[in-house]
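What follows is a set of notes on a single structure, which appears directly below.
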Amino acid sequence: FFFQAEDGIRDSVASRGLGDVYKRQVHGTLNFEKGEMGLKKKNLLSCCLVAVLFVWAKGELVYKDATLTGYELIKEYGYHAEEHKITTDDGYILTAFRATNPSKLNKNLLPIVAFHGMTGSGDDYVINEKNSPAFYFADLGYDFWILNNRGVRYSKAHTVFKVDSPQYWNFSFEEMGKEDAPAMIKYVMKSTNREQVLALGHTEGNTQLLIGFALKPEFYQKAIKALVIWCPVASSSSLRAPALRALGLLYINELLASLGFLQFFPYFGTFNLFVSGLCKIAPFICYMGYRLFADVKPELYETKPSLAYMGHFPSGTSVKCMIHLAQNIRTPGFHRYRESESEPLVEYNLNLINVPVAIFAARHGGMSSYADTLWLKDKLNPVYLKVFKVYDNMADMSFHFHPSSVVAYLEETSTFLKNYGQLISIYSCLLYTSPSPRDATLSRMPSSA
């Protein structure tokens, strides 16, 4: 039940590659019944619901934060919360969160636009209670925006395609860099009357930003004042996460696509809450999950935010996105998606990045390995690489639910941003659009770019 399939009809025409699988499938409905031995969706959810209710009844082992959406978490911790709808040029309807501290909002600072990691969501930036990155920067006066990429639980809509169609899921993280990030940045600049933003990415979040600079250099160079990279993922040939590495080396992602599976690790709602409660009872389950798909320091996996995170993760992505990652695992370098192995390799040109860059990496990263981090460092123009910091006491997930005593990466990120986040003209503050006065505490503001 970690994959969702679309029952496409296979014909006798020879496949021209994995992309052809998506093109030749017919419309259908998402289901879990790949044969009579499979569990039916409604029975699975019913069992999970009973289990979760039992856990709650026995002592509220499911933390409240695991049950709240990203928007609700922002509100829960006393910050001004907004939810926005943004439509990309290719028709995907995305959801973005906005977090500010009205009493500390500094109109002379550029807004921060944050991008989440693979199979994660915007919740990643607000899951660590008051220590969450979104709240840390809001308390420093920043206007903090968080995008939920296409395919995530909050961004499953399209102007034309149905969410259960192959056409909807025919994307990799390249489209996130070409379409999602630019749509988000344009929307934020328009909403705040700014000509530039500060960009922040974690794992896949910075993957899409690097792709954007390579494929749309004119836009990115003009719109982004400075780029912050947490746990970089570009080259993935040294990726250490065992499950992701196995999926790539054994061509399992390609097998899933050939069988008609479209979505990888979707959000299951009740089941996610059940896992969160189960991890409270048997913490080693969460620890093994983190070690298989990313990495986390042992002292963090039993913390409240770590267990609450399981109520939000996974949040979904496309199988094609996982295939793109697999291709970069098997071949050294940072390459564009290929429909088949016979196509030539085309590497993203990272020399086109000509804005100040800061890299903050984890020595023990599973998704973002130290070797791949060094590869990226060597590819970037040293003139623009202003900060390169590797933390010996951190892993990939430490950036999401670190203890309050481990804030060095936040402090050093804010120091870097201070150098580039100030507005030059004193008159530009007069153009700033503050959070909507309709509700002093929170507001939902659906709209499109």
Side-chain angles (χ1 to χ4, degrees), residues 1-5 17-19 21 32 34-35 38 116-120 151 169 171-174 202-204 207 231-268 271-272 275 278-279 282 284-298 301 309-310 313-341 345 361-373 375-376 395-398 400:
F1 45 76
F2 288 111
F3 315 98
Q4 283 185 304
L18 289 169
V21 172
F32 293 74
K34 300 297 287 183
H116 62 78
M118 184 173 289
T119 71
W169 292 102
F171 64 83
S172 78
F173 42 75
E174 179 165 308
H202 180 267
T203 59
E204 183 198 64
T207 305
C231 301
V233 176
S235 168
S236 299
S237 59
S238 298
L239 182 144
R240 296 171 56 245
L244 293 179
R245 190 163 187 82
L247 288 171
L249 295 179
L250 299 178
Y251 289 82
I252 296 175
N253 296 317
E254 286 82 352
L255 175 62
L256 292 172
S258 68
L259 294 175
F261 289 94
L262 304 173
Q263 188 177 178
F264 185 87
F265 268 23
Y267 177 75
F268 283 102
F271 179 75
N272 286 59
V275 172
L278 187 62
C279 287
F284 71 90
I285 295 177
C286 276
Y287 180 59
M288 291 305 298
Y290 289 134
R291 291 302 301 269
L292 285 172
F293 289 95
D295 212 339
V296 64
K297 295 291 287 181
Y301 79 92
Y309 182 72
M310 297 307 292
F313 177 88
S315 194
T317 191
S318 69
V319 169
K320 185 174 180 180
C321 193
M322 299 304 298
I323 293 174
H324 196 171
L325 173 64
Q327 291 175 351
N328 281 318
I329 290 175
R330 294 191 294 265
T331 307
F334 186 32
H335 305 103
R336 300 192 66 175
Y337 180 84
R338 293 178 292 158
E339 294 291 350
S340 68
E341 296 287 324
L345 294 170
R363 176 79 64 177
H364 306 286
M367 181 78 177
S368 171
S369 72
Y370 180 61
D372 287 331
T373 297
W375 179 92
L376 176 61
D396 293 333
M397 305 308 294
S398 306
H400 289 328

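Side-chain atoms are counted along with the backbone in the values below, which use heavy atoms only and exclude waters and symmetry mates.
- Atom SG of Cys231 is separated from atom CE of Met397 by 9.0 Å, given to the nearest 0.5 angstrom.
- For the pair Gly151 and Gln263, the tightest heavy-atom approach, listed with the atom from each and the gap, is O-OE1, 4.2 Å.
- Using a 4.5 Å heavy-atom cutoff, the side chains of Asn272 and Pro314 are in contact.
- How far OH of Tyr290 is from CE of Met367: 15.5 Å, rounded to the nearest 0.5 Å.
- Atom-to-atom distance recorded for Glu339:CD and Ile323:CD1 is 9.0 Å, nearest 0.5 angstrom.
- The two residues Trp169 and Ser318 have their closest heavy-atom pair at O-CB, 3.6 Å.
- Note on ring orientation: taking the six-membered ring where Trp is involved, the planes of Phe268 and Phe271 are perpendicular (angle over 60°, cut-offs 30° and 60°).
- Atom CE of residue Met322 and atom CZ of residue Phe264 lie 4.0 Å apart, to the nearest 0.5 angstrom.
- A donor-acceptor pair is defined here as one N or O able to donate and one able to accept, closer than 3.5 Å; such a pair exists between the side chain of Thr207 and the backbone of Val233.
- Residue Arg330 holds its CZ atom at 9.5 Å from CG of Leu250, rounded to the nearest 0.5 Å.
- Between Ile329 and the options Ser238, Ser237, Ser236, a side-chain contact (heavy atoms from CB on, under 4.5 Å) holds for only Ser236.
- For His335 (side chain) and Leu345 (main-chain N/O), no donor-acceptor pair under 3.5 Å exists by modelled atom type.
- The shortest side-chain heavy-atom distance between Leu376 and Ser235 does not fall under the 4.5 Å cut-off.
- Distance check, rounded to the nearest 0.5 Å: CG of Asn328 to CG of Asp372 gives 9.5 Å.
- In this structure, Ser398 and His364 have side chains that are not in contact, with every pair of non-hydrogen atoms separated by 4.5 Å or more.
- Of all the heavy atoms in Ala246 and Ile252, the pair that sits closest is O-CD1, 4.1 Å.
- Across every non-hydrogen atom of Asp396 and Ser368, the tightest pair is OD2-N, 3.3 Å.
- The minimum heavy-atom distance linking Gly365 with Arg240 is given by the pair O-NH1, 2.7 Å.
- The nearest pair of heavy atoms linking Glu341 to Tyr251 is OE2-CE2, 4.0 Å.
- With contacts defined as side-chain heavy-atom distances shorter than 4.5 Å, the pair Thr317/Phe173 does not qualify.
- Residues satisfying the side-chain hydrogen bond (donor to acceptor under 3.5 Å, both in side chains) test with His116, not counting sequence neighbours, are none.
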